[in-house]
2 protein chains.
Amino acid sequence: MEGVAERAGVAKTTIYRRYRSKTDLALAVLLDMLEDVSTQPYLGGTVAELTKLVDKTVSLMTTTVMGMVMKGLVPEIAADPHLASVYREKVVSRRVAEVSVLVARGIARGELRADLDPEVVTDLLLGPIYYRLFLSGAPMSSTFGTQLVATLLPVFAATQGNPPFSAGVDPDFTERRHQGASRAAVPG
Amino acid sequence: MEGVAERAGVAKTTIYRRYRSKTDLALAVLLDMLEDVSTQPYLGGTVAELTKLVDKTVSLMTTTVMGMVMKGLVPEIAADPHLASVYREKVVSRRVAEVSVLVARGIARGELRADLDPEVVTDLLLGPIYYRLFLSGAPMSSTFGTQLVATLLPVFAATQGNPPFSAGVDPDFTERRHQGASRAAVPG
DNA sequence: CCTATACGCTACGCAACGTAGCGTTTTAAT
DNA sequence: ATTAAAACGCTACGTTGCGTAGCGTATAGG
């Protein structure tokens, strides 16, 4: 905080007049930066759109302070239930909503299987990104998004006869976070 | 640390005689607990083996202190290059090695595509777990592993003709971390 | 019995978050 | 231009938590 104040040419107390805590500031930064990624352009093809989503996320995480902010937020979210709630509401569900838009388009185009769960897609697309960012340290080149989407395509695509995936989300939880259209029926 | 000392019925200074820092202790706990997950039993089927791996990981993260420890390590790894190096060496590469065993078995059985990269499999299997653990907060039921593996199967299985995936890992990095058998050729 | 090693304890140093209080500057409205 | 209100800067402080110093005490092991 002292460092932030100094780099901003501002007194530390001034920061604390706008943001109640360090976590609060971090969350504000995060939400502000998320604006750029949240719009989902219509590219005419689902592969291109999903790739764009991944690439924008990777770029944001690796070329801005977002990566650092996210890393710092992990233990905070774990320790502060209120922050966790806000984060899920403002960030996680938002990402799922964005993916939902793309999934809906893809289904409408007949490119994606009709019972595809956007939350599952989110897990599969963002999970590897954060795993590399937080733990593995493996770099993500400019072709990462393209290759990840290409790899996962057989899971998403409409042609094959794959079993749907719910990842064992209990109905309560899903309902609590998602008041949208009812998801494709999921066994288990 | 005070709390750990108290719960252990030991003076704080005694802990610091064995572990140089809080991070050092956390890493020791992590490595110790990792022993349980590191053995890969022969179950006769790749799906069962991969599912077991995922389930053990999920169980460890959600029913022990491991989850908390991992969350606390994320910013530490980001801030301490030496810790990051040790973590990648002792944990990340170890997980890849375990997955490699299963992938090799699967390829030998003809269940998995021959050009499957264990690192990619690791990303896809562990990424969603940590994403849920660290950020999304979505619960992982007892059927999570089964469903995740079932979902990803079309990516792994030998039958379909999917494009391989390297996720844009630059050769240097892969070589640096993995002195094992050369990976299946991957287009840029 | 005696010595080396390990342990407990108090006290401290230090960094970082967050706050109190007060004076000063800027804004904005009359 | 005056004046009230809001915002800012600054110093100082309280608090927590990590990590260390120093010293006395216990506990092996020969």
Side-chain angles (χ1 to χ4, degrees), chain A residues 1-35 61 64-92 130 133-135 137, chain B residues 1-35 61 64-92 130 133-135 137:
Chain A
M1 286 296 123
E2 268 91 358
V4 172
E6 190 179 357
R7 281 192 291 276
V10 146
K12 188 175 60 164
T13 50
T14 299
I15 299 180
Y16 280 103
R17 284 194 183 97
R18 278 200 217 296
Y19 307 97
R20 256 185 269 126
S21 66
K22 185 182 183 174
T23 299
D24 198 43
L25 170 61
L27 191 61
V29 170
L30 191 156
L31 290 175
D32 182 74
M33 285 191 149
L34 211 64
E35 300 286 321
M61 294 299 162
T64 72
V65 285
M66 267 293 280
M68 215 181 62
V69 171
M70 296 290 303
K71 291 170 189 174
L73 274 178
V74 167
E76 305 297 325
I77 289 175
D80 181 348
H82 179 262
L83 172 63
S85 168
V86 171
Y87 182 84
R88 283 200 297 267
E89 210 174 305
K90 301 257 183 187
V91 182
V92 176
Y130 288 114
L133 184 69
F134 292 157
L135 298 177
Chain B
M1 286 298 122
E2 268 91 358
V4 171
E6 190 180 357
R7 282 193 291 276
V10 146
K12 189 175 60 164
T13 50
T14 300
I15 299 180
Y16 279 104
R17 286 196 182 95
R18 280 200 215 297
Y19 306 96
R20 256 186 268 122
S21 67
K22 184 181 184 176
T23 299
D24 197 43
L25 170 61
L27 191 61
V29 169
L30 191 156
L31 290 176
D32 183 74
M33 285 190 150
L34 211 65
E35 300 287 322
M61 294 300 162
T64 72
V65 285
M66 266 294 280
M68 214 181 63
V69 171
M70 295 291 302
K71 291 171 188 172
L73 274 179
V74 167
E76 306 297 326
I77 289 175
D80 181 349
H82 178 260
L83 173 62
S85 169
V86 172
Y87 182 85
R88 283 201 296 267
E89 208 175 307
K90 301 254 183 189
V91 182
V92 176
Y130 288 113
L133 184 69
F134 292 156
L135 298 177

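Lettering of chains follows the sequences in order, A, B, ..., and the numbering in each one begins at 1. Computed from a predicted model, the values in this text were never measured in an experiment.
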Please list, for nucleotides 10-16 of chain C, all pairs of protein and nucleotide N/O atoms separated by less than 3.5 Å.
none

Q) Taking only residues two or more places apart in sequence or in another chain, which ones pass side-chain contact (heavy atoms from CB on, under 4.5 Å) with B:A28? A) B:Y19
**Q.** Side-chain touch A:K90/A:L27, heavy atoms, less than 4.5 angstrom
**A.** no
Q.
Side chains of A:F134 and B:F134, heavy atoms from C-beta outward: is any pair under 4.5 Å?
A. yes
Please give me the minimum heavy-atom distance between [X] and [Y], naming the atom from each residue.
X     : Y     : result
B:P75 : A:G72 : CB-CA, 4.4 Å
A:A78 : B:K71 : CB-CD, 3.4 Å
A:I77 : A:L83 : N-CD2, 3.7 Å
B:L73 : B:A26 : CD2-CB, 4.3 Å

Q: In sequence, state the C-alpha distance, the side-chain angles, and the governing distance for B:M70 and A:L135, and then conclude on side-chain contact (heavy atoms from CB on, under 4.5 Å).
A: CA-CA 9 Å; B:M70 295 291 302; A:L135 298 177; 3.7 Å; yes
(Q) When you measure from the side-chain N and O atoms of B:R18 to the phosphate of C:dC7, is any distance below 4.0 Å, counting only OP1 and OP2? (A) yes
Q: Check the distance between D:dC10's P and A:I15's CD1 and give it to me in whole angstrom.
A: 12 Å
Q: Can you tell me the distance, in whole Å, between the CD atom of A:E76 and the P atom of C:dC17?
A: 10 Å
For nucleotides 22-28 of chain C, give me every protein contact, N/O to N/O, under 3.5 Å, one pair per line with atom names.
none

Q. If you find the nucleotide of DNA chain C closest to B:G9 and the one closest to A:Y16, which residue's nucleotide is nearer the 5' end?
A. B:G9
